[in-house]
Amino acid sequence: MSELNRMTIAQARKGMAEGSFSSVELTQSCVNAMDARADLGAFITPTPDAALEAAAEADKKRAAGDQGPLLGIPLGIKDLFCTEGVQTTAASRILQGFRPTYESTVTSNLLRDGAVFLGKLNLDEFAMGSSNTTSYYGNVVNPWQSSEKPDMQLVPGGSSGGSASAVAARLCLGATGTDTGGSIRQPAAFCGITGLKPTYGRCSRWGVVAFASSLDQAGPMARSVEDCALMLGSMAGYDPMDTTSVDTAVPDYTAELGAGVKGLKIGIPREYRVDGMPEEIEKLWMETADRLRAEGAEIVDISLPHTHAALPAYYIVAPAEASSNLARYDGVRYGFRADAPEGLPEFASLEEMYATTRGEGFGQEVQRRIMIGAYVLSAGFYDAYYNKARQVRTLIAQDFASAFEQVDAILTPTTPSPAFGITEEPTGVEMYMNDVFTVPASMAGIPGISVPVGMSKAGLPLGVQVLGKPFEEVGLLRVAQAVETAADFTATPQLMA
Amino acid sequence: MAQTIKGQTGEWEIVIGLEVHAQVLSESKLFSGASTTFGKAPNHNVALVDAALPGMLPVLNEVCVRQAVRSGLGIKAAINLYSVFDRKNYFYADLPQGYQISQLYHPIVGEGELTIDLEEGESRAIGIERIHLEQDAGKSIHDQDPHRSFIDLNRTGVALMEIVSKPDLRGGDEASAYMTKLRSILRYLGTCDGNMEQGSMRADVNVSVRPMGSTELGTRTETKNVNSVRFIRQAVEYEAQRQVELLEGGGQVVQETRLYDPTKGETRSMRSKEEAHDYRYFPDPDLLPLQLDQAFVDAIAADLPELPDEKRARFEASYGLSNYDAGVLVAEKETGDFFEAVAEGRDAKLAANWVMGELFGALNKAGVELSNSPVSADALGGLIEAIGSDTISGRTAKDVFATMFETGKSADTIIDEQGLKQISDEGAIEAALDEIIASNPAQVEKAKENPKLKGWFVGQVMKATGGQANPGVVNKLINEKLG
Amino acid sequence: MSITRETVEQAARLARLTVADDDKDRLAGELSAILGFVEQLDEINTDDVEPLTSVVGATARMRKDEVNAGDYPERVLANAPDRVTDFYAVPKVVE
């Protein structure tokens, strides 16, 4: 019973349904794990007391016959989802102390289905980053350690680094993430867990702190494909409060699990073979393809000719939207407001208050992106940058649309490297290359999932990404589970609770 | 007649374009479910999205879209089935999002026109460039605290239509005529209440001048937020005069934003230390493009009311009213409706005269709106019937009207109560006249010599009949008897 | 395109960010690198390509004109750094 926190959601559901243990016991086991591994920095705001209360409530409900799909399952919530009465920071100083008076649609859906929240998980500030080193509340540490440099702390990836680290270290059974250019899939790969970015519009963005509105999408992060399917079933759904959410029924995402890939066509896009990609990644990618072939899939060589344009287009679209989305953080209505200069009762002007608050409240990466965004949208540059990037998005979306006329799913590596050291973090544009394989799907709005399939030679997990057709997550999960089964990834991180 | 300015170097033409902000009549805001009611306690009409709380999203109000389309159809404009909401980015205390949601590139309404009515029955068509939907801002209050301003977001996010004219207007009269007509049309359509004191309609006035005959536009200034028809005229006239003097003095007009000071009747430059605005417009990624179908527009078109120009033409044609009278009566939909209710089945010209004359005069004097008139259309109709049937004289009618206005009683009741029914029976009047002639032979002689003195007999007959004799009959009989 | 110190200042002003003088040159370099990177897009032919307006390919949905929000000043003002009665308070705005 001491390792309840290491169960998958599916196992825990079964165990609680059979009366083998209670949600309070399960939740307590996670709370203990959180305490034991506080050094990972995965949580910004843990809420153990509230979690145990919710667990007791869940046990009562179960006793009364309630069988909510996630009843009593302890989850972590990325601190980008607004949670009523619980501090929501987006990992930024500028939202320090902000307690929403409302609950995001996605977390409301999870609560409706009985989930227990363990607290708010760390991330890159405003979800901008691929290493979780831009949080005002400290770095998150990857629970995996390199056999080559065992003393070095590794990044968990980002922006959902707290979510990935917490799930990998068994602090929670699953976690919510958000993905703008790879923020679920890349950290899932770095931490050896499974992370799904659904189709844009599948989960409501209402109540999720916005980074880039045309790209942001919430999704599940867990330790199995099945768990992701279970979580997505709760998280997804049409929301009249988000008019970009899509009004189609939420299917049973577990429906085709176990159906295998026999007869399916899986595309291998040749443009994902990039210069300088480590051989071990290419090798695992091809091995995965071989395994699927062995299971009866047909492997098809395909072309996505505008792949190389996705990343530069992303670094126009995302900062442009972010610069506007983050204009609301001005110290007037909520969050941080800088102190007036010494000896003065107030700032001399509103302008000065804005600029000081924003200068002190936002970290460097956020400021950089806001400035890039302001620049590319400024007078005379709109067509050359933002509109051009939108045209490129059309081309990328067309690439995928024609590929999906030939194949059922696309298989790629998730990242061009395994996790790196916090102190080895590349800077600037090189850092952005982390997202080179995840960004194209974001730009096209299609769903993608990262599944751990093997280890690097330094003993770090590596993932592959499966991409699917819009709103066909059921089929995507089916392929992903075949990948998972074939890879039989069972390794666990060194810093596991 | 377009106004010009006669300067020292020659004659100058005044070129004006108006950008009118009209608050859309709707229950809730453009993108939120908060009420649009005026005058609520601070920050009460504020939804979470209006305060730009993190993660909040806009949802478009269908009625606001309908109202914009309806307004567009009212100015005979092209309706754009495809339109897009853009973000206009700038920082201001009462702009919580840090951007205003507006429509720059693809407005919902395209080109249209509006006919302005000028003196002496002249009229002129003024081009309208576009109408787009956008959010109103909140309110900052500066006079409550020495160091701080207070922010109230009740108006934040209320839907506005920005109605942009072409630079077709020439002079203060035309500018004010345009505003008057636009207000009238929007009120007919029920898309804006036109309440300028409460800020439901306000105009940014773009003015430039150029030498008569020139076809190039001069540098313009924009005077912001002018909120009455009279102020628009004054702002135009002041600003045009200022620009002419500037140019004739060898100076140059600076393209700038100006403020109108109604107490001085002047415009003045807003401190222009602020950098040139760079609004960084881009399509709002929280809102998908708006795609209307033609049936949606057709249904609104089928439901349009008769508008002032059509009504005016009809009043002229079917009631035989003058162009001027018809114009006065149709300016407000309510007035036109009132007139028609009075005129229905009665003498329309008489009805028009009474509505515009006695009724408007009395309402004006009492400071009462037509909607609260103590004399209803039916009641006024009753009075007009009494005149038409010779039951009372026009003179008596004025007294009866005054009593109606005071007491709210019907004309018939007052006529009965006060015994004002006119005597038209020639026999009775003749009897009275004969008696007077018989008792006043000297007066008879004088009157025969000097016909002007016949009036004395009229007075005597009126006296004898308690003022109820039909004056027409009295005159006729006196003329017969005294030659 | 290379970003100058002045461009950094201008972008910072547009974005209402106080940037320390010492940071301006560094930022100019970083922003130049990013812009240099994104300018690869110049090589892509986008003639006659419609810009993507929505990855979900849908049109705006509208809501009924109903009052169903507001009248909850506490929910709106709960996190205000400075408030006076039901107003937000900010440093004096100079018009």
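The structure presented is a predicted model; accordingly, all values stated were derived computationally and were not measured. Below, chain A is the first sequence line, B the second, and so on; all start at residue 1.
Both the backbone and the side chain of Thr243(A) come within less than 4.5 Å of a heavy atom of chain C. Residue Ala89(C) touches chain A through its backbone alone, counting heavy-atom pairs closer than 4.5 Å. With a 4.5 angstrom heavy-atom cutoff, Ile396(A) does not touch chain C via any of its atoms. For Tyr88(C), the part lying near chain A is the side chain, with the backbone staying farther off; criterion is any non-hydrogen pair under 4.5 Å. Of the two parts of Asp242(A), only the backbone, made up of N, CA, C and O, holds a non-hydrogen atom closer than 4.5 Å to a non-hydrogen atom of chain C. When heavy atoms are compared at a cutoff of 4.5 Å, Phe471(A) approaches chain C solely by way of its side chain, counted from C-beta outward. Heavy-atom distances place the side chain of Gln364(A), and not its backbone, under 4.5 Å from chain C. Of the atoms belonging to Gln391(A), heavy atoms from both backbone and side chain fall under 4.5 Å from chain C. Contact annotation for Ala78(C): only side-chain heavy atoms (C-beta onward) come within less than 4.5 Å of a heavy atom of chain A.
By number of non-hydrogen pairs under 4.5 angstrom with chain C, the leading residue of Thr244(A), Ile372(A), Ile370(A) is Ile372(A). Highest contact tally toward chain C, considering only Phe362(A), Tyr238(A), Tyr354(A), Phe347(A), is held by Tyr238(A) [criterion: heavy-atom pairs under 4.5 Å]. Comparing Ser378(A), Ala313(A), Ala389(A), Ala397(A) by how many heavy-atom pairs each has under 4.5 Å with chain C, the most go to Ala313(A). Comparing His308(A), Met353(A), Glu351(A) by heavy-atom pairs within less than 4.5 Å of chain C, the highest count is held by Glu351(A).
Across Phe126(A), Phe98(A), Phe336(A), a single residue satisfies ring-ring contact (aromatic ring centres under 6.0 Å, His included) together with Tyr329(A), and that is Phe126(A).
A salt bridge links Glu74(C) to Arg83(C): one of the charged nitrogens lies within less than 4.0 Å of a carboxylate oxygen. At a threshold of 4.0 Å, the pair Asp330(A)-Arg16(C) does not count as salt-bridged, since none of the basic side-chain nitrogens sits closer than that to a carboxylate oxygen. Ion pairing of Arg369(A) with Glu365(A) is present here, as a side-chain N (NZ or NE/NH1/NH2) and a carboxylate O approach within less than 4.0 Å.
Side-chain N or O atoms of Ser245(A) include none that pairs as donor or acceptor with a backbone N or O of Gly201(A) at under 3.5 Å.
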